[in-house]
Amino acid sequence: MLALTYSPQTPLHALSAPIKLMALSGITTALFIIPTGWASMVLGGAALALYAAMGSAFLRAGLRTLNGLWPFVVVLGLWHGWQGDWDGGILILARLITAVAFANLVTMTTPLQDMIACLVRLLHPFRRLGLNPNAVSLAIAMMIRFIPVFMARAEQLKMAHRARSHRSGRWAIIFPLALGMLDDADTVAEALRARGGITPKD
Amino acid sequence: MEKATVHIALFAALIAALGLIPKLMLTSGVPITAQSMGIMMAGTILGAKRGAAAVALFVALTLAGLPLLSGGRGGLGVLAGPSVGFVVGFPIAAWATGWIMERLHALPVSIAAGVAAMIGGIVILYIPGVAGMALMLDKSWSQAAMLITPFLPGDLIKAVITAILTQAIFAARPASVFSRSGSSL
């Protein structure tokens, strides 16, 4: 499973995850409370400069992560063009793209395990409400492990379906897939329990 | 507790795997993905609490940087994008679906699951979804709602498939449909 982290190290990788997350929430808040196109564009330029400072390959990878915004650029362009409100459209787009660009910058330069560590730390207060951090860590690890198992099982079922039918069978495999995995889940739970189970919270 | 934890992880993985199934194009040209069906199924099968936990786990790992949202999206950028409301609304939708499913225990599983998926997985999910889009794109609620209406037919189909699948799973493995078995492991 490939995470969205950019693999060659950049100076931004060296910053600690909590610092980057705090900076990100500061910048995003600023983007929404200073509702002028100029402020957004200045911050957007700063984001672009940060990407560029990490090298041209990093800049290209960063720009690719913004591709998903195209449909919204088109819809907003059409809407505001039709309304004749270009300034409004530019403001919204500048804010949107800048906010997403800064967020992607943090995602690209922070390893998944650092993010998960932050997440588990953020969940600490919920221990009082009965949340067991050991169960959360285990669930995270199991989920990541289950995904490739699911994909392999889906591939098998798809091939078996193709051998029997001329149709693609994309959706037809969901039921046997779910059923097989539910059976596996029972076995995994039994195995966990046989090995002492999840450590209760202290 | 082991069983609950494994099932939560399992459904989180199921939602991720469904997001990797290639999109299906409706005749209107609107793509539909199987991912939101996973949200519905987490609710109809696991019930409110565990269903919401499974979906919250999926959302948390997506935000942490796994590209698991349909179309290979993920990372914190999702929170700054126009679809933020849907992502934040996913666990709420699963909770609502499970809550309704648990309340409808007098009805046949397929009907209860269909109703729960339509209310929880569509009506409840669209509220934060539309709100997020309105906020991010600076549009009114009705304008934002217009943007997502094309997805409604696909979501209705998914609610029906969810009903059929939940019924089939209940028939084959009644003990695995926690929203019905009422076991509190």
Contact origin within [X] toward chain B - heavy atom pairs under 4.5 Å:
X	result
A:Asn132	side chain
A:Ala178	side chain
A:Ile198	both
A:Met142	both

Give the intermediate values and the outcome of side-chain contact (heavy atoms from CB on, under 4.5 Å) for residues B:Met37 and A:Ile174.
CA-CA 11 Å; B:Met37 207 170 80; A:Ile174 294 177; 3.6 Å; yes
Sequence-distant partners of A:Glu155, salt bridge (charged side-chain N to carboxylate O under 4.0 Å, His left out), two or more places apart:
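If we apply the salt bridge (charged side-chain N to carboxylate O under 4.0 Å, His left out) test to A:Glu155, skipping adjacent residues, the hits are A:Lys158.
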Decide yes or no for [X] and [Y]: does some side-chain heavy atom of the first lie under 4.5 Å from some side-chain heavy atom of the second?
X	Y	result
B:Leu66	A:Leu4	no
A:Thr65	B:Arg73	no
B:Ser176	A:Asp183	no
B:Leu76	A:Asn104	no
B:Leu68	A:Ile147	yes
A:Arg95	B:Asp138	yes

Go through the steps for A:Phe146 and B:Val6 under the test side-chain contact (heavy atoms from CB on, under 4.5 Å), then give the verdict.
CA-CA 10 Å; A:Phe146 274 145; B:Val6 174; 4.1 Å; yes
With a 4.5 angstrom heavy-atom cut-off, could you sort out which part of [X] is near chain A: side chain, backbone, both or neither?
X	result
B:Phe11	side chain
B:Ile164	neither
B:Ala16	side chain

With respect to chain A, which residue among B:Leu57, B:Leu79, B:Ile45, B:Val78 yields the maximal number of heavy-atom pairs within a distance under 4.5 Å?
B:Leu57
Looking at chain A, which one of B:Ala54, B:Ser83, B:Gly75 has the largest number of heavy-atom pairs inside 4.5 Å, strictly under?
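Top count of heavy-atom pairs under 4.5 Å with chain A: B:Gly75.
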Residue-level interface, residues 100-135 of chain B with chain A, non-hydrogen cut-off under 4.5 Å:
B:Met133, B:Leu135
[X] and [Y]: which non-hydrogen atoms are nearest, and at how many Å?
X	Y	result
B:Thr5	A:Ala139	CG2-CB, 4.0 Å
B:Leu61	A:Met143	CD1-SD, 3.4 Å
A:Ile92	B:Leu137	CD1-O, 3.3 Å
B:Leu10	A:Ala185	CD2-CB, 3.9 Å
A:Phe175	B:Leu165	CB-CD2, 3.4 Å

Candidate pair A:Leu182 and B:His7, rule side-chain contact (heavy atoms from CB on, under 4.5 Å), full reasoning:
CA-CA 8 Å; A:Leu182 283 172; B:His7 277 89; 3.8 Å; yes
When only heavy atoms count and the cut-off is under 4.5 Å, which of residues 11-21 of chain A reach chain B?
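If one takes a 4.5 Å heavy-atom cut-off, the residues of residues 11-21 of chain A near chain B are A:Leu21.
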Residue selection (most heavy-atom pairs with chain B, distance under 4.5 Å) from A:Leu96, A:Leu66, A:Thr98
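Highest number of pairs under 4.5 Å: A:Leu96.
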Pairs of heavy atoms under 4.5 Å with chain B: top-ranked of A:Glu190, A:Met181, A:Arg145:
A:Met181
Which atom pairs, one a donor and one an acceptor, fall under 3.5 Å between side chains of residues 75-82 of chain A and the rest of the protein, sequence neighbours left out?
| residue | atom | partner | partner atom | Å |
| --- | --- | --- | --- | --- |
| A:His80 | ND1 | A:Asp85 | O | 3.2 |
| A:His80 | ND1 | A:Asp85 | OD2 | 3.4 |
| A:His80 | ND1 | A:Gly89 | N | 3.4 |
| A:His80 | NE2 | B:Lys139 | NZ | 2.8 |

